[in-house]
Number of protein chains: 2
Amino acid sequence: MSSKALSIKDIAKKANVSITTVSFILNGKAVEKNISTAVIEKVEKIIKEDGFKPNQVARSLRTGSSKIIGLIVEDISNPFFAGIARLIEDKAYKKDYKIIYSSTENQPGKAKDLINLFKSRQVDAYIISPAGGTEEEIQGLIKEHKPVVLFDRYLPGLNANYVGVDNFKASYQATEHFIHRKKKNIALVTVDLSVEQINERSEGHRQAILDYELPFHAELVIRIPFAQPKEETIQQLIHFFNQYAEIDAVLFATNYLAISGLTALKQMDKAIDKDFSVIAYDDGEVFKLHTPQISAVEQPLEEIAENIINLIFQQLSADQLPAPQKVILAAKLLVRSS
Amino acid sequence: MSSKALSIKDIAKKANVSITTVSFILNGKAVEKNISTAVIEKVEKIIKEDGFKPNQVARSLRTGSSKIIGLIVEDISNPFFAGIARLIEDKAYKKDYKIIYSSTENQPGKAKDLINLFKSRQVDAYIISPAGGTEEEIQGLIKEHKPVVLFDRYLPGLNANYVGVDNFKASYQATEHFIHRKKKNIALVTVDLSVEQINERSEGHRQAILDYELPFHAELVIRIPFAQPKEETIQQLIHFFNQYAEIDAVLFATNYLAISGLTALKQMDKAIDKDFSVIAYDDGEVFKLHTPQISAVEQPLEEIAENIINLIFQQLSADQLPAPQKVILAAKLLVRSS
DNA sequence: ATCTGTTAATAAAACGTTTTAGCAAAATCT
DNA sequence: AGATTTTGCTAAAACGTTTTATTAACAGAT
């Protein structure tokens with residue numbers, strides 16, 4: 001009944017031609033290789049009738065390529081990454097490429113494993129939101145002339161393709177927005193990871209305050225440990241907000257910190273209003289539907305995905321890799337409440 | 001410099017042993033095959049030093065298995081699926097399995113493509129949230145004795161492993177909750193897909209109303225077209241709520257419908273309070289942080305993922321496939337406001 | 001009639017593994 | 001001392017493709 005899957009050999013036998021002939025036809029090289037139309041039609045008919053699909057694994061082994069793009073993100077259940085993944089998948093699918101993805105959970109060990117795994121699967125290209133400590137592996141890929149695009153996170157040591165937003169500017173503008181609204185004590189809630197992306201967000205906050213010649217209160221910057229359970233973060237933030245009652249504005253450096261922060265404020269029964277403003281990083285339904293609506297720094301998902309996939313295909317179709325490009329996109333401040 | 005990747009042949013040459021010996025050592029069959037410890041150590045040393053990783057593609061071709069599990073969902077950017085994906089990935093990773101995922105967008109064509117693609121990649125097992133119209137393909141997989149687990153959606157014709165929640169009951173209980181609160185006109189906002197899962201949700205709503213001998217108003221059930229842009233849905237719902245001012249409670253049959261619904265209500269300036277209650281399907285941050293908090297039917301993500309992966313590994317390790325199991329889990333009604 | 005070139009097809013090697021079957025030397029048994 | 005078993009290792013086939021030569025037949029040119 002179910003038996004084995006068909007192979008090119010079965011088709012060849014059935015059509016009374018050689019394996020080679022079938023292969024040429026499968027790969028559209030039939031005319032170029034002078035196969036007669038009679039044979040082409042006969043073979044194509046059999047292929048269609050029997051529903052033969054070539055074994056991609058064998059094909060990969062022979063050709064060294066796989067039509068697969070590896071996507072490595074920090075956490076696929078983070079809406080930012082899930083959104084990017086979905087958009088990239090869409091665009092890749094149209095060019096007949098598939099995506100393998102995996103989450104690193106920000107563990108260099110896991111990230112390295114993943115890169116090696118993808119390598120041994122002969123993935124054709126890599127899209128990576130890199131965890132720190134994976135520089136050598138990524139450099140290795142580049143050395144081997146594999147198409148690579150980094151996104152979201154930038155690793156300073158690497159000369160690789162990169163797509164990201166101008167975090168410094170985004171954060172600067174958010175802070176500036178607060179300053180224009182006469183805020184004096186602008187807190188920053190950020191995360192305890194020393195990756196460029198996060199550092200830039202801190203810097204933007206600081207620089208804006210300094211540029212406008214306001215006093216910079218270092219104690220109003222709180223760095224939440226990355227792996228800390230959510231409940232603990234909430235408690236920590238409640239304590240933070242209580243301790244510094246002078247805070248009149250808060251910038252959250254990530255999506256999930258904003259959510260924890262809003263939860264904390266809700267538990268404290270602290271109103272978000274003209275005396276206490278909030279801006280979140282990365283927009284989401286949560287912020288739009290919140291009462292009051294929460295302003296947010298919106299990363300242009302579609303644009304990011306578009307640029308990533310373009311860079312990838314650019315590399316895939318070039319004979320030799322073009323010089324690495326850095327695409328820095330502008331984030332947009334969505335002002336919702338005052 | 002970068003050269004080609006190492007092969008088992010290179011290692012064999014360097015160690016002055018045969019390819020076979022290296023292979024046995026790689027696969028932990030060294031002792032069983034009477035390889036001397038001296039040779040084992042020598043070879044392992046070289047493998048480690050040179051950082052040799054066997055080519056998984058070649059391995060797959062030879063063995064017919066890939067250590068890859070295919071995951072097919074409707075949309076990876078839906079938090080429900082992203083959450084499941086992440087949990088499954090975690091658990092699979094621990095057993096040295098990887099995930100390939102893709103989104104079907106509920107198009108049978110794309111779903112079929114994906115199944116075929118995974119097949120030709122020699123994926124070891126399939127986790128599918130099936131689109132309607134893919135019955136034959138899935139039946140085909142089962143015929144070929146491939147491990148398969150369906151989840152979320154159930155296809156009635158198929159005798160396959162399945163993990164899902166009791167949608168009828170969940171919906172029934174949500175409606176019952178409204179009835180206990182003396183609601184008379186309980187609307188249902190659902191989607192225009194005739195999949196079991198959605199039908200059951202409608203049925204639960206209807207049955208509860210009938211069981212409590214309330215009049216069932218068919219016009220209070222609105223079915224939103226699946227592919228309709230969000231903005232249109234919102235307008236449609238505004239119109240719906242205005243048209244039937246008697247509505248005193250609404251059950252949303254999906255996550256994203258609830259979000260559109262809340263947006264509609266916000267635009268209408270309609271308060272959610274004791275005179276107008278709401279329950280959403282699938283919990284999320286949005287509902288917890290909403291003012292007032294929104295009650296929700298929570299699907300037990302962790303439990304679902306756990307059951308899926310267990311069923312998969314059960315099948316992977318059995319010599320012959322065990323009889324299909326259906327695991328129906330209970331959803332939980334999280335009551336938040338009245 | 002021989003040479004040249006084109007047309008239509010194929011045989012065989014290669015990709016990097018796993019695995020079957022087998023062989024020589026050493027160890028054990030009779 | 002010869003027969004048998006165990007130890008330690010390997011040659012070669014196989015997995016299903018793609019691709020490089022190669023061939024055989026025939027047409028056209030000399």
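Below, chain A is the first sequence line, B the second, and so on; all start at residue 1.
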Quiz prompt | B:Asp124 with B:Lys146: basic N within carboxylate O range, under 4.0 Å | solution = no
Quiz item: Above 12 or not: heavy atoms from other molecules or residues under 6.0 Å from NZ of B:Lys95?
Solution: no
Practice problem: Mind calculating the distance between NZ (B:Lys67) and C1' (C:dT18) to the nearest angstrom? | Solution: 15 Å
Quiz prompt | Between C1' of C:dT18 and NZ of B:Lys9, the distance in whole Å | solution = 15 Å
Quiz item: D:dT19 phosphate, OP1 or OP2: any side-chain N/O from A:Lys29 under 4.0 angstrom?
Solution: yes
Quiz item: Which comes earlier along DNA chain D counting from the 5' end, the contact point of A:Ser7 or that of B:Val17, where each point is its nearest nucleotide?
Solution: B:Val17
Quiz item: Looking only at side-chain N and O atoms, does A:Thr21 come under 4.0 Å of OP1 or OP2 in C:dT10?
Solution: yes
Quiz prompt | 5' precedence on DNA chain C between A:Ser18 and B:Phe24 (nearest-nucleotide basis) | solution = A:Ser18
Quiz item: Reckon B:Arg62 has a side-chain N or O less than 4.0 Å from the OP1 or OP2 of D:dA14?
Solution: no
Practice problem: Take atom CD of B:Glu32 and atom C1' of C:dT18, then tell me their distance rounded to the nearest Å. | Solution: 13 Å
Quiz prompt | Spacing of A:Leu6 atom CG relative to D:dG16 atom P, expressed in whole Å | solution = 11 Å
Quiz item: Under 6.0 Å between ring centres, would you say that holds for B:Phe313 and B:Tyr97?
Solution: yes
Quiz prompt | pair B:Leu158-B:Leu150: side-chain heavy atoms closer than 4.5 Å | solution = yes
Quiz prompt | Euclidean distance, atom CG of residue A:Leu61 to atom P of D:dG16 [Å, nearest integer] | solution = 12 Å
Self-check item: C:dC15 phosphate, OP1 or OP2, under 4.0 Å from A:Thr63 side-chain N/O
Solution: no
Self-check item: Which residue lies more 5' along DNA chain D, comparing B:Ala58 with B:Val39 via nearest heavy atoms
Solution: B:Val39
Quiz prompt | Between D:dC9 (P) and B:Ile40 (CD1): distance, integer Å | solution = 9 Å
Exercise. Assign A:Ser36 to base, sugar-phosphate, or nothing according to its heavy-atom contacts below 4.0 angstrom with the strands shown.
Key: sugar-phosphate
Quiz prompt | Along DNA chain C (nearest heavy atom to each residue), the more 5'-positioned of A:Lys33 and A:Ile19 | solution = A:Lys33
Quiz prompt | Sugar-phosphate, base or nothing in reach of B:Asn34, heavy atoms under 4.0 Å | solution = base
Exercise. Could you tell me whether the side chain of B:Lys53 and the main chain of A:Ser120 form a donor-acceptor pair under 3.5 Å?
Key: no
Quiz item: Think A:Thr20 has a side-chain N or O under 4.0 angstrom from the OP1 or OP2 of C:dT10?
Solution: no
Quiz item: Just to confirm, is there a sub-4.0 Å distance from OP1 or OP2 of C:dT18 to any side-chain nitrogen or oxygen of B:Asn27?
Solution: yes
Exercise. Give the rounded distance in Å between these two atoms: CG of B:Asn16 and P of D:dT10.
Key: 9 Å
Exercise. Report the distance from atom CD of A:Gln122 to atom C1' of C:dC15, rounded to the nearest whole Å.
Key: 8 Å
